[in-house]
2 protein chains.
Amino acid sequence: MDRERFASVACSIARTSGVVGDPWALLVLRDLFLGLTRYDELRRDLGVATNVLADRLDRLVDAGLVVREVYQRAPVRHDYHLTDAGRDLYGVVLALMAWGDRHLAPDGPPMLLVHDTCGHRTTPVVACDRCGGELTDDAVTVRPGPGGRHAPGTAVLAERLTGSVAG
Amino acid sequence: MDRERFASVACSIARTSGVVGDPWALLVLRDLFLGLTRYDELRRDLGVATNVLADRLDRLVDAGLVVREVYQRAPVRHDYHLTDAGRDLYGVVLALMAWGDRHLAPDGPPMLLVHDTCGHRTTPVVACDRCGGELTDDAVTVRPGPGGRHAPGTAVLAERLTGSVAG
DNA sequence: CTCCTCGCTTGCGAATTGCAAGCCACCCTA
DNA sequence: TAGGGTGGCTTGCAATTCGCAAGCGAGGAG
């Protein structure tokens, strides 16, 4: 899947997709959030091939989402923990879960969440940090930012709107 | 990657990962959110191989996230639009973007978002629908829900906590 | 001394990928 | 009528990646 190509695109969605745009990577993160830490726990819970698990853990470590720590000497054994950057993906994982609960869970949600802060069962929503309102497609406008020559899609869109091809 | 296996797991994260756990699928969705609709627009913007683009569009249509519509007869031409379920993934895409902006965008965010409802530049946060507070790893408790025999990871966790193996 | 566990690595055949070329239906120009 | 261009794919091929299964090295248990 040649992940490095996504890292060089001037779009945070593309860059992030290159890191977590893989079912096994996301499920490893899910299990780490649930508190699993060891290779064999992950393997048994996920039912994943061992070479694939080793590969995904390596990638997540390389990407700085996970650290490998010695939890035992003689023999040396490691376990895996989320870094701050990895923990910061919690919202992404929750958003995926919430969507799956709405669209792929005819028997109801497999997991329920309680927000300890307010004490209620919670459904995660992606909201505006300014007004707290839910962010929907038709209420958000995209503008080019400083970190890219242009936002993705804009070249094609501009061409279509003006009818001319930009050099 | 045998996507069907993820659909049968009793976990919304796994099921959703089976649908969108792929960089190209996520980038196709991004472009559809940005307003691109046609095959060739997508191909040029993404720089993706044509067989892969055709395959991802087929998958997204099969998954009910995208519809293929005739926009012209003689010759028959189709374009691609998000369904309600597809549009509902907006939050996931925003969450991915926000994370990438925080961790993979040293030159600043490539795209800026304006929330038309409140008129401000916005940074998407994943929040509790009850209290509006941001949902973080350490402030959320996971419980088994009705849609699964057990939540993922719990078998391994229970075994580790009790020191016994459940039949 | 042999078996067992943990955390991988290796080998293999099958599936998937990127790239490039081809193709088909139609339109436009002349 | 011929010739070229466009849009939307399909096909062929080499290379990568996958799932599965076996192996392996370091130590602990019996």
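Keep in mind that the numbers below use all heavy atoms, side chains included, and drop hydrogens, waters and symmetry copies. Sequence lines set the chain letters: A, B, ... in the order given, protein chains first and strands last, and positions in each chain run from 1. Please read all numbers here as calculations on a predicted model, not as lab measurements.
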For the residue pair B/His115 / B/Thr117, report whether a side-chain donor-acceptor contact shorter than 3.5 Å exists. yes
Can you tell me if A/Tyr80 touches the phosphate of C/dC6, counting only side-chain N or O atoms and a distance under 4.0 Å to OP1 or OP2? no
Selection from D/dC20, C/dC26, D/dC9 that lies nearest to any side-chain heavy atom of B/Pro75: C/dC26
State whether A/Arg43 and A/Asp40 are salt-bridged, where the test is any N-O pair (Lys NZ or Arg NE/NH1/NH2 against Asp/Glu carboxylate O) under 4.0 Å. yes
Between the side chain of A/Arg15 and the main-chain N/O of B/Leu104, is any donor-acceptor distance below 3.5 Å? yes
Taken to the nearest whole Å, CG/A/Leu42 to P/C/dC6 is 13 Å
What's the CD-C1' distance between A/Glu4 and C/dG18, to the nearest Å? 15 Å
Euclidean distance, atom CD of residue B/Gln72 to atom P of D/dC9 [Å, nearest integer]: 12 Å
DNA chain D nearest-nucleotide lookup for A/Arg59 and B/Leu57: closer to the 5′ end is B/Leu57
Under the criterion side-chain contact (heavy atoms from CB on, under 4.5 Å), which of A/Leu27, A/Asp31, A/Leu29, A/Asp101 is the partner of B/Ile13? A/Leu27
What does B/Arg73 touch in the nucleic acid at a heavy-atom separation under 4.0 angstrom: a base, only the sugar-phosphate, or nothing? nothing
Counting the benzene-type ring for Trp, do B/Phe33 and B/Tyr90 have ring centres under 6.0 Å apart? yes
Could you check how far CZ of A/Arg44 sits from P of C/dT5, rounded to whole Å? 10 Å
Side-chain N or O of B/Arg38 versus OP1/OP2 of D/dG8: is the shortest distance under 4.0 Å? yes
Nearest to the B/Thr50 side chain among C/dA21, C/dG7, D/dG8, which nucleotide is it? C/dA21
Distance, rounded to the nearest Å, where B/Arg43 contributes CZ and C/dA21 contributes P: 14 Å
Closest-nucleotide mapping onto DNA chain C: is A/Asp79 or A/Asn51 further toward the 5' terminus? I mean the 5' end. A/Asp79
Integer-rounded Å distance: D/dT17 P and B/Arg3 CZ: 16 Å
Measure the CZ-CE distance between B/Arg30 and B/Met97 for me, rounded to the nearest 0.5 Å. 11.0 Å
Atom OG1 of B/Thr16 and atom CG of A/Leu96: how far apart are they, to the nearest 0.5 Å? 6.0 Å
Does the side-chain contact (heavy atoms from CB on, under 4.5 Å) test come out yes or no for A/Asn51 and A/Asp55, once each step is laid out? CA-CA 6 Å; A/Asn51 52 351; A/Asp55 177 77; over 6 Å; no
Taking the side chain of A/Tyr39 as its heavy atoms from C-beta onward, which of C/dC8, D/dC20, C/dG18 lies nearest to it? C/dC8
Rounding to 10 degrees, work out the angle separating the end axes of the helix from C/dC1-D/dG30 to C/dA30-D/dT1 (five pairs an end). 10°
Is B/Trp24 close enough to C/dG18 that one of its side-chain N or O atoms is under 4.0 Å from OP1 or OP2 there? yes
Between atom CG in B/Asp55 and atom P in C/dC19, what is the gap in whole Å? 16 Å
So, does B/Arg68 get its side chain near the phosphate of D/dC9, meaning an N or O under 4.0 Å from OP1 or OP2? yes
Per A/Arg77 side chain, nearest of listed nucleotides C/dT17, C/dT9, C/dG7: C/dG7
Any side-chain N or O of B/Arg56 less than 4.0 Å from the OP1 or OP2 oxygen of C/dT16? no
Starting at atom NE2 of A/His78, determine the distance to atom P of D/dA26, rounded to an integer number of angstrom. 14 Å
Closest to side chain of B/Arg5, choosing from D/dG7, C/dT17, D/dC20: D/dC20
